[in-house]
Amino acid sequence: MKSVLEFRARKGQAPISMVSAYTHWEARFLAESPVDCVLVGDSLATVLDGEATTFAATPEIMARHTAAVARGLGESAQRKLLVADFPFLAARRGLSAAVDTAALLLRAGAHAVKIEGVDGHADVIAHLVESGVPVMGHLGLTPQAVHALGGYKVQGRNTAAAEALLRQAKAVEAAGAFGLVLECVPAALGREITAALGVPTIGIGAGAECDGQVLVMADLLGLTTGHRPRFVREFAPAGAAARAGLAAFHTATAERSFPAAAESY
Ligand code: KIV
């Protein structure tokens, strides 16, 4: 998928696949895959660095990882829409600071940015869109607001909360966003918001009727350990392969069967 125009045109057509990744080597695999879009998510703070929250991801860190992923996608960057996360509070420092953050991320190779929430910063989304920066929204469980939400919990479970999310989703679209990530909401609400919007929704724990799905690459490959959220499916057992490989390397080293003559100079 080359552009946000193509992304928008997929509404009601074939579902969109998106993978969150942070490193050059992940991007090399993605470049060879049919996956439509790549997200450099601020989840890198939790997945790569073991932080409890995404707060440690600064604009500079996001730009560095965006550049690594853009290099890894190489020529396929022409074929994959590359979105980078606006990190913690970056949309709350006024229009000028938001423009600086967007410039950093787009200069690093992103084609678009993703911004969590909308209340109180719809003007930032609209200003970036008017400035030529495509913006994707993110509602539901917005990890940057984890303390306000009382933890990493499913959102929109009761009528009032569901109505608030529907209103916010319409506000994101009205501000000019080309798409919306919906995280951890009941499948029925994912369906309702998807039907109410003219732009694609990308679900993560939001049911099968969103216009697309996103997962973190380390999760979908089974490379993460510890608590696995219900919405994660392990599509390849790379974690098991990694454990077996590390044990085999240790054994081969202990037995002096590695390196072999062909692996020596
Ligand atoms: O940070 C991230 O990786 C994300 C996705 C999980 C949607 O926001």
Side-chain angles (χ1 to χ4, degrees), residues 7 15-23 26-27 30 35-59 61-66 68-69 80-91 101 105 108 110-118 125 134-146 149 151-156 165 168-169 172 177-185 190 193-194 199-207 210-221 223-224 226-235:
F7 186 97
I16 300 164
S17 59
M18 186 174 210
V19 169
S20 190
Y22 328 109
T23 63
E26 288 173 299
L30 285 162
V35 166
D36 293 311
C37 309
V38 179
L39 168 69
V40 182
D42 62 354
S43 56
L44 61 84
T46 54
V47 177
L48 287 187
D49 298 340
E51 299 273 356
T53 69
T54 56
F55 305 166
T58 61
I61 289 172
M62 293 309 301
R64 188 186 144 110
H65 284 277
T66 300
V69 169
K80 310 255 184 235
L81 184 66
L82 180 57
V83 183
D85 257 340
F86 240 55
F88 185 52
L89 295 180
T101 300
L105 298 175
H111 304 130
V113 299
K114 175 165 76 60
I115 296 182
E116 291 187 14
V118 65
I125 298 176
V135 177
M136 172 176 259
H138 182 160
L139 294 174
L141 171 51
T142 44
Q144 292 170 13
V146 60
L149 299 176
Y152 295 104
K153 295 176 179 167
V154 179
Q155 301 297 306
L165 278 175
Q168 290 174 340
V172 168
F178 69 91
L180 175 66
V181 166
L182 280 177
E183 180 164 350
C184 279
V185 299
I193 292 176
T194 299
V199 295
T201 57
I202 303 293
I204 175 161
C210 293
D211 297 302
Q213 299 293 332
V214 58
L215 280 179
V216 169
M217 180 147 164
D219 284 341
L220 77 86
L221 294 182
L223 287 171
T224 39
H227 170 70
R228 182 194 291 175
R230 175 175 168 153
F231 60 73
V232 171
R233 184 187 294 179
E234 187 178 304
F235 284 88

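Heads up: numbering here begins at 1 and tracks the sequence. For ligands, and for the atoms within them, numbers begin at 1 and follow the listed sequence.
Here the side chains of M18 and M136 are in contact, with some heavy-atom distance below 4.5 Å. The shortest distance between side-chain heavy atoms of P87 and T101 falls below 4.5 Å. E183 places none of its side-chain heavy atoms less than 4.5 Å from the side chain of V214.
Ring geometry for F88 versus F55: interplanar angle under 30°, hence parallel rather than tilted (30 to 60°).
Considering L39, T66, V40 in turn, L39 is the only one that fulfils the side chain to side chain contact (heavy atoms under 4.5 Å, CB included) rule with D85.
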Are there any N/O pairs under 3.5 Å between ligand 1 and the protein, and if so, what are their distances?
residue  : atom  : partner : partner atom : Å
ligand 1 : 1 (O) : D42     : N            : 3.2
ligand 1 : 1 (O) : D42     : OD1          : 3.2
ligand 1 : 1 (O) : S43     : N            : 3.0
ligand 1 : 1 (O) : S43     : OG           : 3.2
ligand 1 : 1 (O) : D85     : OD2          : 3.2
ligand 1 : 3 (O) : S20     : OG           : 2.6
ligand 1 : 3 (O) : S43     : OG           : 2.6
ligand 1 : 8 (O) : K114    : NZ           : 2.9

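In this structure, T54 contributes its side chain and S43 its backbone to no donor-acceptor pair below 3.5 Å.
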